[in-house]
Number of protein chains: 2
Amino acid sequence: MFKDAAARAIPQRQASEETRRQILDTALALFRERGLDATTMRDIAAGAGLALGAAYYYFKGKEAIVGAYYAYVQEEHRVRARAAFEQAGTLRDRLRAALHTKIDIMKNDQKLLRALFRFGGDPDHPLSWFGPASREQRRLSVEVFEEAIAGEKLPDDVLEVAPLLLWTLHMGILLYFLYDNSPAYRRTRKLIDAAVDFVIDAKRVATLPLMRPVRRRVLNILRDAKLLGESESARA
Amino acid sequence: MFKDAAARAIPQRQASEETRRQILDTALALFRERGLDATTMRDIAAGAGLALGAAYYYFKGKEAIVGAYYAYVQEEHRVRARAAFEQAGTLRDRLRAALHTKIDIMKNDQKLLRALFRFGGDPDHPLSWFGPASREQRRLSVEVFEEAIAGEKLPDDVLEVAPLLLWTLHMGILLYFLYDNSPAYRRTRKLIDAAVDFVIDAKRVATLPLMRPVRRRVLNILRDAKLLGESESARA
DNA sequence: GTCTATAAAGGGATAGAC
DNA sequence: GTCTATCCCTTTATAGAC
């Protein structure tokens with residue numbers, strides 16, 4: 001599972017990396033099989049053929065393993081999306097790729113994600129999806145959408161908010177995915193395609209010069225709500 | 001806490017209603033004070049001056065009490081929003097009222113709501129925010145926004161999707177509220193006002209005849225995704 | 001019957017030997 | 001780096017007191 005990203009990130013540095021990956025693989029398999037809570041550190045260590053203490057040497061605890069899963073998903077998304085961006089010419093293709101690759105990565109983890117959902121309600125939890133602890137992960141995630149629209153001729157204010165809005169859409173789609181019980185997650189796939197078409201429509205409308213005041217308003221809302229940092233241009 | 005809604009819903013029918021309300025009040029106070037998980041049915045019964053068995057007579061368990069809280073919030077929202085709608089003339093005022101009353105009702109329950117958040121990730125849980133079990137509650141919640149825009153001269157397709165979109169906005173604002181640590185939730189209040197202004201802008205744009213194809217697309221997306229039932233007009 | 005005290009089990013986490 | 005041993009907390013089960 002982690003082979004691709006791990007191999008890319010650390011080119012066979014040491015045997016210890018191999019062990020770490022082994023623990024991650026085992027843990028993820030167990031999470032999928034019996035759920036997050038039902039999986040103990042003992043199970044993970046045993047499954048990886050290690051003593052409990054060894055597992056703790058590599059990860060501070062189960063939480064840290066899940067954190068590594070977050071990091072893996074993010075890194076894998078970045079890599080896969082970039083690869084797709086190099087092929088995909090149109091904005092539509094790029095946005096579809098950004099969203100589909102995310103589901104590709106998570107397609108076996110619906111159960112796990114449902115369990116991880118709960119941390120979203122606790123701002124102080126390290127695994128919260130929206131809390132300060134995951135800010136860096138979030139930034140990287142938004143960055144993928146920044147890259148997806150890079151190269152588009154867009155007004156500055158659109159360039160500033162679009163990545164965050166696309167990230168929000170992507171979170172909404174993940175929520176839909178969480179509830180999707182259609183075979184092979186067809187409905188999620190369809191939703192992605194349809195949502196991207198809508199985004200293309202919305203882009204056309206939103207970029208009209210006439211819409212500048214509306215865009216300003218959105219920008220100000222997000223800034224006031226601290227959902228968007230001050231932009232470079234605003235600071236300049 | 002439950003005085004207002006309970007009194008309105010059941011005009012002093014019996015002492016048993018009084019007891020039920022007593023349990024709810026006690027439970028809610030304890031949830032707020034020490035959290036959902038830390039509160040046991042024993043604590044609730046004791047706090048309400050009842051034996052454990054008596055508490056179980058009124059509610060099947062802690063979960064059922066939380067369900068009653070959901071119902072209370074919904075009923076209270078309906079009542080308060082309607083009262084405000086009778087005063088408020090403009091669409092802006094009505095939308096603000098619909099959103100602010102919701103926060104008014106929940107302003108003491110941030111901690112509880114953070115704990116309840118976790119059920120959102122489990123489609124099969126009775127307390128899931130998006131699952132089938134809460135469909136009726138959700139319908140009632142959407143209805144408030146339906147009433148908020150009632151009387152507006154709007155194209156049919158807008159009338160059909162707007163309540164759901166406003167409900168979604170309202171869920172987003174609740175998520176923001178969950179994370180809001182500003183005094184008196186000022187930031188959430190500001191966000192509501194700003195978001196409503198944006199909605200007014202969006203309404204102006206979206207209702208242009210030119211936008212009809214885009215509206216159709218949105219309608220079809222929501223229908224395909226089963227987020228919106230077939231409309232009356234579509235069935236006719 | 002209901003409550004409470006205590007024991008047993010399970011599992012997260014750490015220390016120190018090798 | 002990996003092991004064994006151990007700690008400590010939480011949950012669950014049970015048994016005896018009221």
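These numbers were taken from a predicted model, which means no experiment stands behind them. Order of the sequence lines sets the chain letters (A, B, ...), proteins ahead of strands, with each chain counted from 1.
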Checklist outcome for this item: With sequence neighbours left out, the residues meeting side chain to side chain contact (heavy atoms under 4.5 Å, CB included) with A/Arg186 are A/Ser182, A/Ala184
Checklist outcome for this item: Sorted by chain and residue number, the side chain to side chain contact (heavy atoms under 4.5 Å, CB included) partners of A/Asp157 (sequence neighbours excluded) come out as A/Pro155, A/Arg212, A/Arg215, A/Leu219
Item to check | ring-ring contact (aromatic ring centres under 6.0 Å, His included) against A/Phe145, all qualifying residues, sequence neighbours excluded | outcome: A/His170
Checklist entry - Can you name the side chain to side chain donor-acceptor pair (under 3.5 Å) partners of B/Glu147, sequence neighbours left out? => result B/Arg82
Checklist entry - Heavy atom of residues 41-54 of chain B under 4.0 Å from DNA chain C: which residues? => result none
Item to check | ring-ring contact (aromatic ring centres under 6.0 Å, His included) partners for B/Tyr185, two or more places apart | outcome: B/Phe177
Item to check | Any residue meeting side chain to side chain contact (heavy atoms under 4.5 Å, CB included) with B/Ala115, in chain and number order, not counting sequence neighbours | outcome: B/Leu36, B/Arg118
Checklist entry - Just by protein heavy atoms under 4.0 Å, how would nucleotides 8-15 of chain D read 5' to 3' in B, S and -? => result --------
Item to check | side chain to side chain contact (heavy atoms under 4.5 Å, CB included) involving A/Ala64 - partner list, sequence neighbours excluded | outcome: A/Phe59, A/Lys60
Item to check | side-chain hydrogen bond (donor to acceptor under 3.5 Å, both in side chains) pairs, two or more places apart, involving residues 42-56 of chain B | outcome: B/Arg34-B/Asp43, B/Thr40-B/Asp43
Item to check | chain A contact limits on DNA chain C, taken 5' to 3' with a cut-off of 4.0 angstrom to heavy atoms | outcome: C/dG11 to C/dT14
Item to check | Note, B/Leu178 side chain near B/Phe117 side chain (heavy atom, < 4.5 Å) | outcome: yes
Checklist entry - Taking only residues two or more places apart in sequence, or in another chain, which ones meet B/Tyr179 in a ring-ring contact (aromatic ring centres under 6.0 Å, His included)? => result A/Phe130
